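On a predicted model such as this, the values are computed, not experimentally measured, just so you know. Every chain is numbered from 1 and lettered A, B, ... according to where its sequence line falls, protein lines coming before strand lines.
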Number of protein chains: 2
Amino acid sequence: MFVAARSLEARAYDALVAAGADDITPTQARLMAQIDQGGTRVVTLAARARTTKQSAAFLVDQLERAGYVERVADPRDGRAKLVRLTARARALGDRADAAVAEALAEWEAHLGATRMRQLEETMSMLREITDPWA
Amino acid sequence: MFVAARSLEARAYDALVAAGADDITPTQARLMAQIDQGGTRVVTLAARARTTKQSAAFLVDQLERAGYVERVADPRDGRAKLVRLTARARALGDRADAAVAEALAEWEAHLGATRMRQLEETMSMLREITDPWA
DNA sequence: GTGAATAGACAGAGCGTCTGACTAATATGG
DNA sequence: CCATATTAGTCAGACGCTCTGTCTATTCAC
C-alpha cells in the first residue's frame, strides 16, 4: 500500500518536472495541491497538510517567489490573506492530474475493471475510519 | 489511499512513543524497520529506503548513540560493518507490529472479511507494477 | 599485481519543520 | 461600547534530514 501510494505520488511529481517545473520540490507541490479555486488561507493549508502555520507560510513564501502562487487580501477578513494559484500553477495541476489518470489507467489494465472498482470503493470505506479530520 | 497508508504508519509510530521510545523520530523508525535479523549494511539500508548512504549513515549514527542499534564488523567483508538491532529495539519492533495488526483488525471489522482479503490481494498485485525495485 | 569497484567516513550546504514570541484584526461578553 | 479572548499572519532561532562532493580502506576482476 505504501509502495503503490508512493508510486502514484511520484508519477504526479515527475509530470511536473517534465513540464518544466524543475524548481519545485515535492513538499511544495503537495501544498499547492491543497489550494482551492478562489484561494485558501495559510492556516487552512497548514491544517490540511497536518503541519504548523509557520511551515506552510515558509513554503508559500517560496512558491510566491517562484511565481506559482500569489497572496491577496481576504475581502471578508482584514487579518487574512488568500493564497491563490497563478495561471501557470493551474496548468501544472492539470498536467499532474493527467499523469495520475494515466497511472490509474495502467492499474486498471493490470487489475481488471471489477477489481479496480472494488479498490476505489474499499479506499473510500477506509477513509471513513482513517481520515483524522473527517 | 494516502490517508489509509499514513494512518497505518501513524499507528505504528504512536505505539513506539507509547512504549517509551519518545527519543525516536519517524524517519529513524522507518529505517530501523529495514534492518533484518543478523544485521544489514548501511548501503543496503540506504537502497531499501531509496536514499543516499550518507543519509542512512547519519540516521544510524543517531540510533547508535540512542542505543537502538550497534555496528559490528562484517566477518565476510573487511570494509563493511553490519548494523544490528539491540534487544531493546527488537522489543519495540514487536510493539509496532502489534499496533499494525490491531489497526488491520479494525479495518477488517469495518470492511468485512471478504473485502479485506480482496484488498490484500489487490495490493499484492499492485506491487508488481509499482515497486521500483522488484 | 594493477586497476576498477565497493563500504564507509567526513565536510559543507540547503531544505523543511518545529517552538516561542510578536503584531494586527476580529469576535465576544458584560 | 469597551475590555478581553481569539484568530491570521510574521519574525527569530533551532533542529532534523537529505544532498553533493571528496576521501580512505578493502575487495574483486583481469
Any idea which of D/dT6, D/dA25, D/dC17 is nearest the B/R79 side chain? D/dA25

For DNA chain C, which nucleotides open and close the run of contacts to chain B, 5' to 3', at under 4.0 angstrom from a non-hydrogen atom? C/dA5 to C/dC10

Atom CZ of A/R95 with >12 non-hydrogen neighbours under 6.0 angstrom: no

Whole-Å gap separating C1' (D/dT10) and CZ (A/R41): 16 Å

Kindly say whether B/Y68 contributes a backbone atom to a donor-acceptor pair with the side chain of B/T86 at under 3.5 angstrom? yes

Closest non-hydrogen contact found for A/Y13 with A/I24 is OH-O, 2.7 Å

B/D61: what forms a side-chain hydrogen bond (donor to acceptor under 3.5 Å, both in side chains) with it, not counting sequence neighbours? B/R71

Atom NZ of B/K81 and atom P of D/dT27 are separated, to the nearest Å, by 13 Å

Quick one: B/Q28 CD to D/dC15 P, roughly how many Å, whole number? 15 Å

Short side-chain N/O contact to D/dT26 OP1/OP2 from B/R76, under 4.0 Å: no

Mind checking whether B/L82 and B/I35 sit in one hydrophobic cluster, side chains of I, L, V, M, F, W, Y counted as touching below 4.5 Å? no

From CZ of A/R71 across to C1' of D/dA8 the rounded distance in Å is 12 Å

Residue-phosphate contact under 4.0 Å: B/T25 side-chain N/O, D/dC17 OP1/OP2: yes

Using a heavy-atom cut-off of under 4.0 Å over every strand shown, decide if B/D77 touches base, sugar-phosphate, or nothing. sugar-phosphate

Report the distance from atom CG of B/L45 to atom C1' of D/dC17, rounded to the nearest whole Å. 16 Å

Polar atoms only, N or O, under 3.5 Å: list the protein pairs with nucleotides 19-23 of chain D and their distances.
from, atom 1, to, atom 2, distance (Å)
D/dC19, OP2, B/T51, OG1, 2.5
D/dC19, OP2, B/T52, N, 3.1
D/dC19, OP2, B/T52, OG1, 3.1
D/dC19, OP2, B/S55, OG, 3.1
D/dG21, O6, B/Q54, NE2, 2.5

Just the rounded figure in Å: distance from P of D/dT10 to CG of A/D61. 7 Å

Using a 4.0 Å heavy-atom cut-off across all strands, classify B/R30 as base, sugar-phosphate, or nothing. nothing

Look only at the side chain of A/T44 and the backbone of A/T40, and say whether a donor-acceptor pair between them is shorter than 3.5 Å. no

I'd like to know if A/D97 and A/R90 make a salt bridge, using a cut-off of under 4.0 Å between side-chain N and carboxylate O. no

For B/T130 against A/A4, the heavy-atom pair lying closest together: OG1-CA, 3.8 Å

Given 3.5 Å as the limit, does a donor-acceptor pair link the side chain of A/R50 with the main chain of A/R48, or not? yes

